[in-house]
Amino acid sequence: MAWILLIAAGLFEIAWAVGLKFTDGFTRLWPTLGTIAALVVSFVLLGIAAKSLPIGTAYAVWTGIGAVGTVICGIILLGDPATPLRLACLGLIILGILGLKFA
């Protein structure tokens, strides 16, 4: 169950990280409120998952999911570049996440 909560926390991290782009420096009310809500949910789920997982593993997986997901959303939604080097680096992060899960 902790791993499911950790994955959900990572997905909410993606939501708040991408949401930052739409807050326009926290000047737009609804995107700001959505971003803050996603941030709170992400932290709460991470905290619950960390009760039964090693904190180093939980934090690294949480940030890894957030980093990979945010880059992918940036590429798909915001037109960020998808160069071979960037995609290779994403693959390395994914390998690290999997390594921590199975180590």
Side-chain angles (χ1 to χ4, degrees):
M1 184 62 151
W3 281 99
I4 293 169
L5 293 174
L6 185 58
I7 291 168
L11 295 175
F12 276 98
E13 185 187 7
I14 296 165
W16 72 257
V18 172
L20 287 172
K21 186 74 170 174
F22 296 98
T23 67
D24 198 24
F26 297 105
T27 61
R28 298 180 60 213
L29 177 63
W30 293 112
T32 297
L33 293 177
T35 298
I36 292 169
L39 186 139
V40 169
V41 171
S42 180
F43 273 94
V44 168
L45 292 174
L46 173 62
I48 295 168
K51 287 169 52 176
S52 59
L53 295 172
I55 190 62
T57 300
Y59 182 74
V61 170
W62 178 71
T63 57
I65 292 169
V68 169
T70 302
V71 171
I72 291 170
C73 286
I75 291 168
I76 293 171
L77 300 174
L78 304 171
D80 292 350
T83 64
L85 182 57
R86 288 186 86 203
L87 297 176
C89 290
L90 284 179
L92 291 172
I93 295 171
I94 292 168
L95 285 175
I97 293 168
L98 294 173
L100 289 169
K101 164 66 172 129
F102 295 112

Check your understanding: So, does T23 use its side chain to make a donor-acceptor pair with the main chain of R28 at under 3.5 Å?
Key ->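 Such a contact is absent between T23 side chain and R28 backbone.
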
Review point. Do side-chain atoms of T63 reach the backbone of A60 as a donor and acceptor pair under 3.5 angstrom?
Key: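 Judged by distance alone, yes, a pair lies under 3.5 Å.
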
Give the minimum heavy-atom separation between [X] and [Y], together with the two atoms involved.
| X | Y | result |
| --- | --- | --- |
| C73 | I14 | SG-CG2, 3.8 Å |
| A2 | A49 | O-CB, 3.5 Å |
| A50 | I55 | CB-CD1, 3.7 Å |

Do [X] and [Y] belong together in a cluster built from hydrophobic side chains that touch within less than 4.5 Å?
| X | Y | value |
| --- | --- | --- |
| I76 | L78 | yes |
| I75 | F22 | yes |
| L100 | L5 | no |
| I48 | V40 | yes |
| L98 | L87 | yes |

Practice item. Go through the steps to decide whether L46 and E13 satisfy the test side-chain contact (heavy atoms from CB on, under 4.5 Å), and finish with yes or no. Key: CA-CA 10 Å; L46 173 62; E13 185 187 7; over 6 Å; no

Can you check whether [X] reaches [Y] side chain to side chain, under 4.5 Å on heavy atoms?
| X | Y | result |
| --- | --- | --- |
| I93 | V71 | no |
| L20 | F26 | yes |
| L45 | L6 | no |
| W62 | F43 | yes |
| W3 | L53 | yes |
| L77 | K21 | no |

Check your understanding: Step by step, would you call I65 with F12 a side-chain contact (heavy atoms from CB on, under 4.5 Å)?
Key -> CA-CA 10 Å; I65 292 169; F12 276 98; over 6 Å; no

